[in-house]
Amino acid sequence: METRKRLQKNRDALLEQYHSNLEDVYSLQDTLIRDILPSVTDELELGPEAQEWAREWLSDTSSIFRISRRNKFTRSFSLEAIQKNLLWRFENLWPVELPFPIPTVHCLPSDIRDPFGRPILVVELIPVGEALDSQKRFLIRAFEQLRLHLKKVYDLSEDDPRPPLQYVVLLDLRQLSFQSINIDFFTWTVREVVPRFPGMIAAVFMLNYSWTHSGLWAVFKRLLPETALSRIFFPSSKDLIEFFTPSALPQDYGGSLSKLSLLEDPIHPILPSPGVPEVMASETSTITPPLIPSVTASWLSPTSLLNPFFGYPVSASSGNGPPSFLHGRRRKRDLVRTLLTLFWMRWHKHITFGLCLTLLMLTLKLSLRGKLRRKFIFSGLV
């Protein structure tokens, strides 16, 4: 199978780079923790908790390896890139928040891997509106949660000569259409988020791809680098089963595992339920960040992907209970405001264009009327 040969070749090349540069990566980490972290601490006036959080990331050998690889293992370039990434992380990921379910991303159970021992993600693409700040923030934290899980998998296999350094992704396009895609949000993700978490994806298998998606692909492939395009595959059902085998696929995609919704998901935390003591909740949590500061109550945007009452603002108390309406009830004015916001998000370009065109035509009409009036006055005088 051509797909298997290509992925094995890529995997072997990655492992060769890993073993050839591992000592340099360790040395780079020592320099980062010894020299770079203190300078960042002084620059941002970091407290002990923030320093420990930064040290945890700098100690993530697999992440530092992937960033170094992106910079051709050139030490000076890698140091500069990692320092910039660290500053970006403090701007976008600090303070740490509790892990949360990612509705459209599922990780298959820990004992289920692809033929080369890598964890498998199933990502269901859904329509996304305008690139709102809440959706951007949600996506950044989702990437960080995936990084933490991949770090955990790597740490458990660090002595293995072939540790898992990347995910394999099954990308389900069933719910996606050309009309529902937000190109600006996709472009922002590729340019602003993916470079902060480089090299985490070994391959992407497009599922439920049809002729209706060909137009989307024609747009997307212009936005992706050549290295990313070489890792994207469009398998038939037979090819998919042949590569992964039925024992590594959910029933949703022709495998012999349970349905995706019934499978254990190692990246989704078990959040405490109302009335469950904090001690018991901490014991049942499947993901524990290295450091979790106290989190105060916050609010969710009416259009947030995390909002269970879409259309109404709600307050969220970081695990102390279910979200509740921000104003205590469903207010019609909040729903009307959300509908107007969504209408503007969907049609503002057309409305702006129409207004500009109308203004231009009005200006031309007035200008023409002025010229005719001056011509009439001039002819009368003559």
Side-chain angles (χ1 to χ4, degrees), residues 11 14-15 18-19 22 25-26 28-29 32-33 49-69 82 85-86 89 92-123 138-170 193-194 196-203 248 257 260 263-272 281-293 295 319:
R11 192 281 308 266
L14 178 68
L15 288 177
Y18 171 78
H19 290 296
L22 187 56
V25 171
Y26 287 151
L28 186 65
Q29 287 180 286
L32 289 165
I33 294 174
E49 293 181 347
Q51 293 180 52
E52 184 61 30
W53 180 73
R55 187 176 291 108
E56 180 277 329
W57 179 67
L58 295 174
S59 300
D60 181 357
T61 301
S62 59
S63 288
I64 300 303
F65 164 75
R66 288 190 293 266
I67 296 176
S68 299
R69 180 171 176 259
I82 294 169
N85 204 336
L86 183 59
R89 288 175 61 80
N92 293 276
L93 288 166
W94 180 261
V96 176
E97 293 184 1
L98 290 171
F100 54 85
I102 311 173
T104 59
V105 178
H106 312 269
C107 186
L108 298 190
S110 302
D111 59 331
I112 305 298
R113 302 289 178 87
D114 85 324
F116 303 111
R118 295 171 296 208
I120 303 171
L121 294 178
V122 179
V123 180
F138 174 86
L139 185 67
I140 291 173
R141 294 189 177 273
F143 265 84
E144 172 67 0
Q145 198 158 308
L146 291 175
R147 179 196 71 84
L148 287 170
H149 174 255
L150 193 57
K151 176 183 182 297
K152 181 179 180 181
V153 174
Y154 170 83
D155 289 343
L156 293 174
S157 310
E158 192 172 7
D159 296 332
D160 190 326
R162 294 178 293 181
L165 298 165
Q166 298 174 307
Y167 288 109
V168 169
V169 176
L170 305 180
V193 182
V194 173
R196 310 294 181 179
F197 301 88
M200 290 176 58
I201 307 300
L257 295 174
L260 187 62
L263 289 173
E264 175 195 356
D265 190 338
I267 67 169
H268 282 185
I270 300 176
L271 298 178
S282 63
E283 290 177 354
T284 59
S285 177
T286 59
I287 298 181
T288 303
L291 181 64
I292 302 178
V295 183

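Computed from a prediction, not measured in an experiment: that's the story for all the values here.
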Next item on the list: Name all residues meeting the side-chain hydrogen bond (donor to acceptor under 3.5 Å, both in side chains) criterion together with Asp155; count only those two or more places apart in sequence or in a different chain, and write none if there are none.
Entry: Lys151

Next item on the list: May I ask you to decide if Pro99's main-chain N or O and Gln145's side chain share a donor-acceptor pair within less than 3.5 Å?
Entry: no

Next item on the list: For residues Leu32 and Leu86, determine if any side-chain heavy atom of one lies less than 4.5 Å from a side-chain heavy atom of the other.
Entry: no

Notebook entry, point to check: Which heavy atom in Pro266 sits nearest to a heavy atom in Cys107, and how many Å separate them?
Noted result: CD-O, 3.3 Å

Next item on the list: Quick one: do Arg196 and Arg89 satisfy side chain to side chain contact (heavy atoms under 4.5 Å, CB included)? Show the steps, please.
Entry: CA-CA 9 Å; Arg196 310 294 181 179; Arg89 288 175 61 80; over 6 Å; no

Note to self: Ignoring hydrogens, what is the shortest heavy-atom contact between Leu15 and Pro161? Give both atom names and the distance.
What the structure shows: CD2-O, 4.2 Å

Check: Heavy-atom distance under 4.5 Å between the side chains of Arg11 and Gln166, does that happen here?
Finding: no

Item checked: Gap between atom CD of Gln51 and atom CD1 of Ile33 - 0.5 Å precision -> 12.0 Å

Margin query: Measuring only between side-chain heavy atoms, which start at C-beta, is Phe143 closer than 4.5 Å to Ile102?
Written below: no

Margin query: Taking ring pair (Phe, Tyr, Trp, His ring centres under 6.0 Å) as the definition, give me every residue that meets it alongside Tyr154, ordered by chain and number, with sequence neighbours left out.
Written below: none

Check: Atom CD of Glu264 and atom CG of Leu108: how far apart are they, to the nearest 0.5 Å?
Finding: 10.5 Å

Notebook entry, point to check: For Arg162, which residues count as a salt bridge (charged side-chain N to carboxylate O under 4.0 Å, His left out) partner, sequence neighbours excluded?
Noted result: none

Checklist line | Between CG on residue Leu170 and NE2 on residue His106, distance to nearest 0.5 Å | finding: 11.0 Å

Check: Heavy atoms, side chains only, cut-off 4.5 Å: are Val25 and Tyr18 in contact?
Finding: no

Margin query: Does anything in residues 107-117 form a side-chain hydrogen bond (donor to acceptor under 3.5 Å, both in side chains)? List the pairs, not counting sequence neighbours.
Written below: Asp114-Arg118

Check: For Pro103 and Pro101, which heavy atoms make the closest approach, and how far apart are they?
Finding: CD-O, 3.4 Å

Note to self: I need the Ile67 CD1 to Ile64 CD1 distance, nearest 0.5 Å.
What the structure shows: 5.0 Å

Check: How far does CG of Leu28 sit from CZ of Phe65, to the nearest 0.5 angstrom?
Finding: 12.5 Å

Next item on the list: Specify the closest pair of heavy atoms between Leu257 and Ala248, including all atoms of both residues, with the distance to one decimal.
Entry: CD1-C, 3.7 Å

Note to self: Can you tell me how the ring of Tyr167 sits relative to the ring of His149, calling it parallel under 30°, perpendicular over 60° and tilted otherwise?
What the structure shows: parallel

Checklist line | For Gln29, side-chain hydrogen bond (donor to acceptor under 3.5 Å, both in side chains) partners two or more places apart | finding: Thr61

Note to self: With heavy-atom distances below 4.5 Å as the criterion, would you say the side chains of Leu14 and Arg69 are in contact?
What the structure shows: yes

Item checked: salt bridge (Lys or Arg N to Asp or Glu O under 4.0 Å) assessment of Glu144 paired with Arg147 -> CA-CA 5 Å; Glu144 172 67 0; Arg147 179 196 71 84; 2.9 Å; yes

Next item on the list: Taking the side chain as every heavy atom from C-beta outward, state whether Leu150 and Ser62 have any atom pair closer than 4.5 Å.
Entry: no

Check: Between CG of Leu58 and CH2 of Trp53, what distance do you get to the nearest 0.5 Å?
Finding: 10.0 Å

Next item on the list: Not counting sequence neighbours, which residues clear side-chain hydrogen bond (donor to acceptor under 3.5 Å, both in side chains) with Ser63? List them please.
Entry: Asp60, Arg66

Check: Does the side chain of Leu121 come within less than 4.5 Å of Leu146's, by heavy atoms?
Finding: yes

